[in-house]
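So you know, we letter chains A, B, ... as the sequences are listed, proteins then strands, and number each from 1. Atom set for the values below is all heavy atoms of this structure, side chains included, hydrogens, waters and symmetry mates excluded.
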Amino acid sequence: MSINRLPAKLFRANTFALAKALLGQYLVRQTGKNVLMGKIVETEAYYGPHDLASHASRGQTKRTKLMFDLPGLAYIYLIYGMYYCFNITTEKKDFPAAILIRAIEPIAGIKQMYKNRKITLAKYPKLNTQITNGPGKLCQAFKIDKKLNGENLIISKKLYLAKNPQGKIKPSQIVKAKRIGVDYAGKYKHKLWRYYLKNNQFISHK
DNA sequence: CCTGGGATTTTCT
DNA sequence: GAAAATCCCAGGA
């Protein structure tokens with residue numbers, strides 16, 4: 001299977017355009033000789049200094065400084081003391097924004113993903129729809145943790161994005177929805193800044 | 001189908 | 001000391 005990286009130029013797109021453009025593209029994780037790969041099927045945009053759902057709304061801190069950094073970097077943080085969330089930074093330096101990768105359709109290295117998640121086929125007998133359908137789950141499956149925080153996805157060999165060989169997703173296949181788990185965000189909780197592939201079995205929420 | 005609680009730790013007030 | 005861009009499990013309808 002040939003691997004064509006996403007062009008660096010794409011990461012300079014507007015956050016919302018990129019959140020949609022990432023749907024269908026492949027996430028590749030190389031750990032030693034293992035290659036894990038999956039198709040991105042759900043994303044969420046966190047945009048600007050006023051978005052109350054975004055960590056950046058409370059200013060630049062040690063944790064959030066990557067959100068203010070250049071586009072195309074991995075912003076990874078620990079949530080609820082147990083899970084990691086993987087984001088891709090967007091927009092110019094000093095404008096805080098990022099895209100949370102919420103769900104992936106496993107393509108290669110699926111056995112390893114089960115191992116990484118410490119679950120067995122007996123627990124999830126129905127296909128592989130349950131192993132990477134959430135931001136915390138996909139980080140576990142892909143061995144994404146704090147060590148990769150700040151990784152440059154445009155040049156990294158450990159973690160990067162590749163073109164879907166089957167081509168672009170049609171706009172009619174993209175569903176817009178409210179973001180998950182941001183009820184505290186005032187009027188921003190209603191923003192339709194979550195995107196997912198219509199009828200896909202691997203998304204985290206309808 | 002739904003609701004609620006527990007796990008667990010970093011970050012910021 | 002509280003909150004958190006989550007997940008899993010139990011229990012009720």
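- Among the heavy atoms of the strands lying under 4.0 Å from A:Gly81 is at least one base atom, whether or not backbone atoms are also near.
- For B:dT11, the paired nucleotide is C:dA2, the pair qualifying as Watson-Crick or G-U wobble because both relevant distances are below 3.5 Å.
- One atom, CG of A:Asn87, and another, C1' of C:dT6, lie 13 Å apart when rounded to the nearest Å.
- With centres under 5.5 Å and a plane angle under 30° as the test, the ring of A:Tyr83 is not stacked against the base of C:dT6.
- For the pair A:Arg179 and A:Tyr46, the cation-pi criterion (under 6.0 Å, within 45° of the ring axis) is fulfilled.
- Protein atom CD1 of A:Ile76 is 22 Å distant from nucleotide atom P of C:dA4, rounded to whole Å.
- In this structure, A:Leu138 places its CG atom 13 Å from C1' of C:dC7, rounding to the nearest Å.
- Within the nucleic acid shown, A:Leu78 comes within 4.0 Å of sugar-phosphate atoms alone, with no base atom in reach, counting heavy atoms only.
- For C:dA4, its base never sits under 3.5 Å from the side chain of A:Tyr184 at any donor and acceptor pair.
- By the neighbour-count criterion of 12 heavy atoms within 6.0 Å, atom CD of A:Gln201 is sparsely surrounded, having that number or fewer from other residues, nucleotides or ligands.
- Protein atom OH of A:Tyr75 is 11 Å distant from nucleotide atom C1' of C:dA4, rounded to whole Å.
- A:Arg102 comes within contact range of the sugar-phosphate backbone alone, with a heavy-atom separation under 4.0 Å but no base atom that close.
- Taking the side chain of A:Lys62 as heavy atoms from C-beta on, and the options C:dC7, C:dA5, B:dT11, the nearest nucleotide is B:dT11.
- Both tests do not hold together for A:Lys65 against A:Phe68: distance to the six-membered ring centre under 6.0 Å, angle to the ring axis within 45°.
- Summarising the geometry, the separation between CD on A:Gln60 and P on B:dC12 is reported as 11 Å, rounded to the nearest angstrom.
- Considering only side-chain N and O atoms, A:Arg117 lies under 4.0 angstrom from the phosphate OP1 or OP2 of C:dC8.
- The separation between A:Tyr47 atom OH and C:dA5 atom P is 20 Å, rounded to whole Å.
- Nucleotide B:dG4 forms a Watson-Crick or G-U wobble pair with C:dC9, both donor-acceptor distances falling under 3.5 Å.
- A:Met82 places its CE atom 16 Å from the P atom of C:dA5, with the value rounded to the nearest Å.
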Check the pair A:His50 / A:Ser57 against side chain to side chain contact (heavy atoms under 4.5 Å, CB included), numbers first and verdict last. CA-CA 5 Å; A:His50 306 298; A:Ser57 67; over 6 Å; no

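- A:Arg5 is not listed as a side-chain neighbour of A:Val28, based on a closest heavy-atom distance of 4.5 Å or more.
- Stacking is found between A:Tyr46 and the pyrimidine-like six-membered ring of the C:dA5 base under the 5.5 Å centre-distance and 30° plane-angle cut-offs.
- Rounded to whole Å, atom C1' of B:dT11 lies 10 Å from atom CD1 of A:Ile79.
- One finds no side-chain N or O of A:Arg58 lying less than 4.0 angstrom from the OP1 or OP2 phosphate oxygen of C:dA3.
- Remark: aromatic rings of A:Phe16 and A:Tyr47 are close, center separation under 6.0 Å.
- Note on A:His55: a side-chain N or O is less than 4.0 Å away from OP1 or OP2 of C:dA5.
- Comparing C:dT6, B:dT11, C:dC8 by their closest approach to the side chain of A:Thr61 singles out B:dT11.
- Neither OP1 nor OP2 of C:dA5 sits under 4.0 Å from any side-chain N or O of A:Lys189.
- Taking only side-chain nitrogens and oxygens, A:Lys146 comes nearer than 4.0 Å to OP1 or OP2 of B:dT11.
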